[in-house]
A.B. asks: 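Dropping the structure in here first, questions after.
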2 protein chains.
Amino acid sequence: METIGQILRNKRQELGLLLRQVSAYVDIDQAILSKIERNERKPTKEMLGRLAEILKLDKDELLIQFISDKIAYEIVNEDCANKALKVAERKIKYLKSHPVKN
Amino acid sequence: METIGQILRNKRQELGLLLRQVSAYVDIDQAILSKIERNERKPTKEMLGRLAEILKLDKDELLIQFISDKIAYEIVNEDCANKALKVAERKIKYLKSHPVKN
DNA sequence: TCTATATTTGACACATACTGTCAAGTTATA
DNA sequence: TATAACTTGACAGTATGTGTCAAATATAGA
């Protein structure tokens with residue numbers, strides 16, 4: 001099971017790219033990219049988009065990995081994690097079918 | 001579909017309790033409780049436990065509502081919310097069966 | 001209405017967490 | 001051992017969340 005950091009690092013190395021090169025393309029400090037690849041920092045959505053581009057990864061798939069990572073990390077220590085996920089699923093379905101008026 | 005705030009408020013009113021009374025028991029400012037009930041602030045786990053006690057709610061069930069609320073709110077705007085939930089579920093299963101060494 | 005009580009709101013100071021930048025440190029490779 | 005690649009930690013700035021409080025508003029009863 002790969003974390004988002006591992007996905008990014010693996011693909012970067014596969015493509016033979018350096019931190020320096022990728023971070024320049026994404027327009028971030030290479031220290032940040034290094035930390036992202038080791039899951040020490042979280043990328044923003046903008047970063048994810050650019051990373052997907054240069055690393056030839058599917059943007060949507062990467063976003064899914066990102067979000068699921070965040071959720072998993074957030075609640076993995078809860079005994080009720082799985083039940084909570086199920087309820088969250090229902091809530092999201094409900095919310096999407098009952099848009100909030102502003 | 002009830003939010004955690006609604007659950008708390010409904011039960012409090014059912015029991016005929018005042019914000020003042022419940023907040024005293026939970027040992028928080030009543031302004032905070034008021035905001036929690038309107039989902040303007042999030043309770044801590046300690047608060048949840050005390051709230052469950054005085055409101056005669058199931059502690060675990062309340063925690064599930066709390067966590068699922070947080071997740072749902074976090075990702076409801078993502079197109080890939082459901083897919084991300086599924087992946088998160090797999091990740092959690094994996095993480096739970098492969099404990100990290102410290 | 002007037003009054004008391006219940007609730008809501010917003011401002012505040014404080015704490016906590018996250019941001020990008022940078023330089024110095026470490027690791028890896030030739 | 002020299003060079004390039006990567007990692008680490010400190011830093012200031014910013015954002016976000018916290019509880020406290022008093023004033024504003026809403027609600028209910030006489």
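Given the structure is predicted, the values throughout are model-derived calculations rather than measurements. We name chains A, B, ... by the order of the sequence lines, and we start the count at 1 in each one.
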A.B. asks: Rounded to whole angstroms, how far apart are CD on B/Gln13 and P on D/dA28?
C.D. replies: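 Interatomic distance, CD of B/Gln13 to P of D/dA28: 10 Å.
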A.B. asks: Whole-Å distance between D/dT7 P and A/Asp29 CG?
C.D. replies: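 Atom-to-atom, A/Asp29 to D/dT7, this comes out as 13 Å.
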A.B. asks: Over how many whole Å does the gap from B/Met47 atom CE to D/dG17 atom P extend?
C.D. replies: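 That distance rounds to 14 Å.
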A.B. asks: Provide, to the nearest angstrom, the distance between the CG atom belonging to B/Leu18 and the P atom belonging to D/dT27.
C.D. replies: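 One finds 15 Å between P of D/dT27 and CG of B/Leu18, rounded.
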A.B. asks: Kindly say if A/Arg9 contacts the phosphate of D/dA5, meaning a side-chain N or O under 4.0 Å from OP1 or OP2.
C.D. replies: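 So the side-chain polar atoms of A/Arg9 never come under 4.0 Å of the phosphate oxygens OP1 or OP2 of D/dA5.
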A.B. asks: Using whole Å, what does the distance between atom P of nucleotide D/dA5 and atom CG of A/Leu19 come to?
C.D. replies: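 Spelled out: CG on A/Leu19 to P on D/dA5 is 10 Å.
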A.B. asks: Got a salt bridge between A/Glu46 and A/Arg50, using NZ or NE/NH1/NH2 to carboxylate O under 4.0 Å?
C.D. replies: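 No.
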A.B. asks: Using a strict 4.0 Å threshold on nitrogen-to-oxygen distance, state whether A/Glu78 and B/Lys45 make a salt bridge.
C.D. replies: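 Result for this pair is yes, salt bridge flagged.
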A.B. asks: When you match B/Arg20 and B/Arg41 each to their closest nucleotide on DNA chain C, which lands nearer the 5' end?
C.D. replies: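 So the residue in question is B/Arg20.
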A.B. asks: Using 4.0 Å as the upper bound for N to carboxylate O, is an ion pair formed by B/Lys70 and B/Glu74?
C.D. replies: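 Looking at B/Glu74 and B/Lys70, the cut-off is not met.
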A.B. asks: Measure the distance from CD1 on A/Ile36 to P on D/dT8 and round it to the nearest whole Å.
C.D. replies: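 Distance, rounded to whole Å: 15 Å.
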A.B. asks: Tell me whether the OP1 or OP2 atom of D/dT7 has a side-chain N or O from A/Ser34 closer than 4.0 Å.
C.D. replies: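 Affirmative; the distance criterion is met.
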A.B. asks: Does this structure show an ion pair linking B/Glu89 with A/Lys86, if we count only N-O contacts that are shorter than 4.0 Å?
C.D. replies: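 Salt bridge: yes.
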A.B. asks: Taking CD from B/Glu40 and P from C/dG10, how many angstroms apart are they, rounded to a whole number?
C.D. replies: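 Roughly 8 Å, once rounded to whole Å.
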A.B. asks: With the side chain of B/Arg12 defined as its heavy atoms from C-beta on, choose the nearest nucleotide among D/dG9, D/dG19, C/dT7.
C.D. replies: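 Shortest atom-to-atom distance from the side chain points to C/dT7.
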A.B. asks: How many whole angstroms separate atom CD of B/Gln30 from atom P of D/dC21?
C.D. replies: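 It is 12 Å, rounded to the nearest whole Å.
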A.B. asks: Using side-chain hydrogen bond (donor to acceptor under 3.5 Å, both in side chains) as the criterion, point out the one residue from B/Gln30, B/Glu37, B/Arg38 that pairs with B/Ser34.
C.D. replies: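 For B/Ser34, the side-chain hydrogen bond (donor to acceptor under 3.5 Å, both in side chains) test succeeds with only one of B/Gln30, B/Glu37, B/Arg38, which is B/Arg38.
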A.B. asks: Can you find a donor-acceptor pair, distance only, under 3.5 Å between A/Lys35 side chain and D/dG9 base?
C.D. replies: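 Donor-acceptor pair under 3.5 Å: yes.
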A.B. asks: Ignoring backbone atoms, test whether A/Arg38 places a side-chain nitrogen or oxygen under 4.0 Å from the OP1 or OP2 oxygen of D/dC6.
C.D. replies: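 Indeed not, no polar side-chain atom of A/Arg38 lies that close.
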